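The structure under discussion appears below in the form of structure tokens.
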2 protein chains.
Amino acid sequence: MRAGLPFGRVPLGQNDEMPDDETIQRVRNRWGEGDRLRIEILEGAGRLLSELGGEDGLTIRGVARAVGIAPASIYQHFADRAALIDGLVEYEFSLLMKAMTAADESLDPTDVMGRVRAQVHAHRDFADAKPGHYRLLFGKATRRAIRGERPVNGPLFEVFTSFIEAFDRCAEAGFALRVPSRRAASLVFVSVYGRAALLDGVRIERPDDDSLDDLVSLIFA
Amino acid sequence: MRAGLPFGRVPLGQNDEMPDDETIQRVRNRWGEGDRLRIEILEGAGRLLSELGGEDGLTIRGVARAVGIAPASIYQHFADRAALIDGLVEYEFSLLMKAMTAADESLDPTDVMGRVRAQVHAHRDFADAKPGHYRLLFGKATRRAIRGERPVNGPLFEVFTSFIEAFDRCAEAGFALRVPSRRAASLVFVSVYGRAALLDGVRIERPDDDSLDDLVSLIFA
DNA sequence: TCAGTAAGAAAACAATCGTTCGGTAACTCT
DNA sequence: AGAGTTACCGAACGATTGTTTTCTTACTGA
């Protein structure tokens, strides 16, 4: 229905459902701003991921529907579905890193232990706020590894390194660590991850938020 | 191809690929043993899950292919795809529980701390051996929770309770716990889970196996 | 004014999926 | 021997998917 309609002065995209409120009034991006759609696609995919809670229903057509464009338009920015999801993973990782460094830099640079906690909290809050995203981030590498493809440790490693550096700063500042900072980072990581995964998936006994701080305290002598 | 063939004295199932070695010589179960197929389906689904590493490709047709039966035959044992996956989750949970209780009972009943460690190790080994299964077990509840359906904490709670009881036995035997056994169980759970998830998905720095024992030791005063 | 290109849509393709419907062979019980 | 049941299969339906091909429109620079 409504085929061959000239477009441009008319809502973009086919919205077969919900002609309800006001039809999604997408307007075509102007010259040289075509890349903006790429981000809109990633954000639409992110929204969809939140609603669905998993990578499963994250289809090309679904994303196109969420953004309000035609499925074919996605192929201008992503080679195929896998590339779209890879792009989403990378995008979400960048958001996580941004949150962590923002938390880190919001504190007095000399407050090294506070900065460790700030990063941990930022990480935890990200996982709490967007469990679906978090699961995608840390679950994606697995499928890759199983298929023997290159792992996507890159962006993740950045996150990990950020923890290590935070602990290193503490050591340099004279705080005594019970374990090497690399191992400390690993411990924190495991705990944050485990808490997040358990909390959103299982909900046995809520590991209260303090427990992460306790862990950090425990690492220091 | 090969339609309308009388069956019974002839390999069951359509194996369009791999007429290679010897065609999968499935024979029809005898009278009253129809339920055996149910388990064969679950095991086939389990194998598929290991290969695929995720719930994604776990389709009715794929499972049927893996077992060597017709897709329609699955519907005699499972109402639909969701029921099949639910059944798989339950089945795998029972395997995990069986491994844990076996480890627990293999020890001298009075060695209460050893039994805690044995359960932790059994849990860890299950996760290491079948990461895909493990991920399915603890990821499944999430989608449910998001869709507002009843959570499947049942079988999982059994696992959790098993940890609690193990710690309770320690307390009764006179060992001093630094935290209540319920919280201790939660701690162990989070760590085992976090380690498993990180280890198979991310592979940053291998949290060595001793770290779990360290955690258990830490819980005791 | 006109060629060139950016931005995006419509429509169709093949593949795969879940599921249903109706069958057929083998076994058991009377 | 016949009726009923168990244990499956074959074929098809409709829906959805990823992807490709072929547009149309709008803007730019010369």
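It should be emphasised that the depicted structure is a prediction, and the values quoted were computed from it without experimental measurement. A, B, ... follow the sequence lines: proteins, then strands. Residue 1 opens every chain. Side chains are part of it too, since the values below use all heavy atoms of this structure and drop only hydrogens, waters and symmetry mates.
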inquiry  = Please determine whether a side-chain nitrogen of the Lys or Arg among B:Arg81 and B:Asp86 lies less than 4.0 Å from a carboxylate oxygen of the Asp or Glu.
reply    = no
Atom CG of A:Asp56 and atom P of C:dC17 are separated, to the nearest Å, by 14 Å
Next on the checklist: Could you go through B:Asp104 and B:Arg117, starting from their C-alpha distance and side-chain angles, then the distance that decides it, and tell me whether this counts as salt bridge (charged side-chain N to carboxylate O under 4.0 Å, His left out)?
Outcome noted: CA-CA 9 Å; B:Asp104 180 87; B:Arg117 288 206 173 80; over 6 Å; no
Taken to the nearest whole Å, CG/B:Asp35 to P/D:dA7 is 7 Å
Checking D:dA7, C:dT19, C:dA9 against the side chain of B:Pro71 (C-beta onward), the nearest is C:dT19
To the nearest angstrom, the CG-P distance between A:Leu37 and C:dA9 comes to 8 Å
B:Gln76 atom CD is separated from C:dT19 atom C1', nearest whole Å, by 14 Å
Which pairs of donor and acceptor atoms, one on a side chain in residues 88-98 of chain A, lie under 3.5 Å apart (sequence neighbours left out)?
from    : atom 1 : to       : atom 2 : distance (Å)
A:Tyr91 : OH     : A:Glu43  : OE2    : 3.3
A:Glu92 : OE1    : A:Lys130 : NZ     : 3.2
A:Ser94 : OG     : A:Tyr91  : O      : 2.6

Review item, nucleotides 15-18 of chain D N/O atoms under 3.5 Å of protein N/O:
from   : atom 1 : to      : atom 2 : distance (Å)
D:dT17 : OP2    : A:Arg65 : NH2    : 3.2
D:dG18 : OP1    : A:Ile60 : N      : 3.0
D:dG18 : OP2    : A:Ile60 : N      : 3.1
D:dG18 : OP2    : A:Arg61 : N      : 3.4
D:dG18 : N7     : A:Arg61 : NH1    : 2.6
D:dG18 : O6     : A:Arg61 : NH1    : 2.9

So CG of A:Asp125 and OH of A:Tyr134: to nearest 0.5 Å the spacing works out to 11.5 Å
To the nearest angstrom, the CZ-P distance between B:Arg36 and C:dC27 comes to 14 Å
Taken to the nearest whole Å, CD1/B:Ile74 to P/D:dC8 is 12 Å
task = Look at the rings of B:Phe126 and B:His133 and say which category their plane angle falls in: under 30° parallel, 30 to 60° tilted, over 60° perpendicular.
result = perpendicular
Would you say A:Arg115's side chain and A:Pro109's backbone share a donor-acceptor pair under 3.5 angstrom?
yes
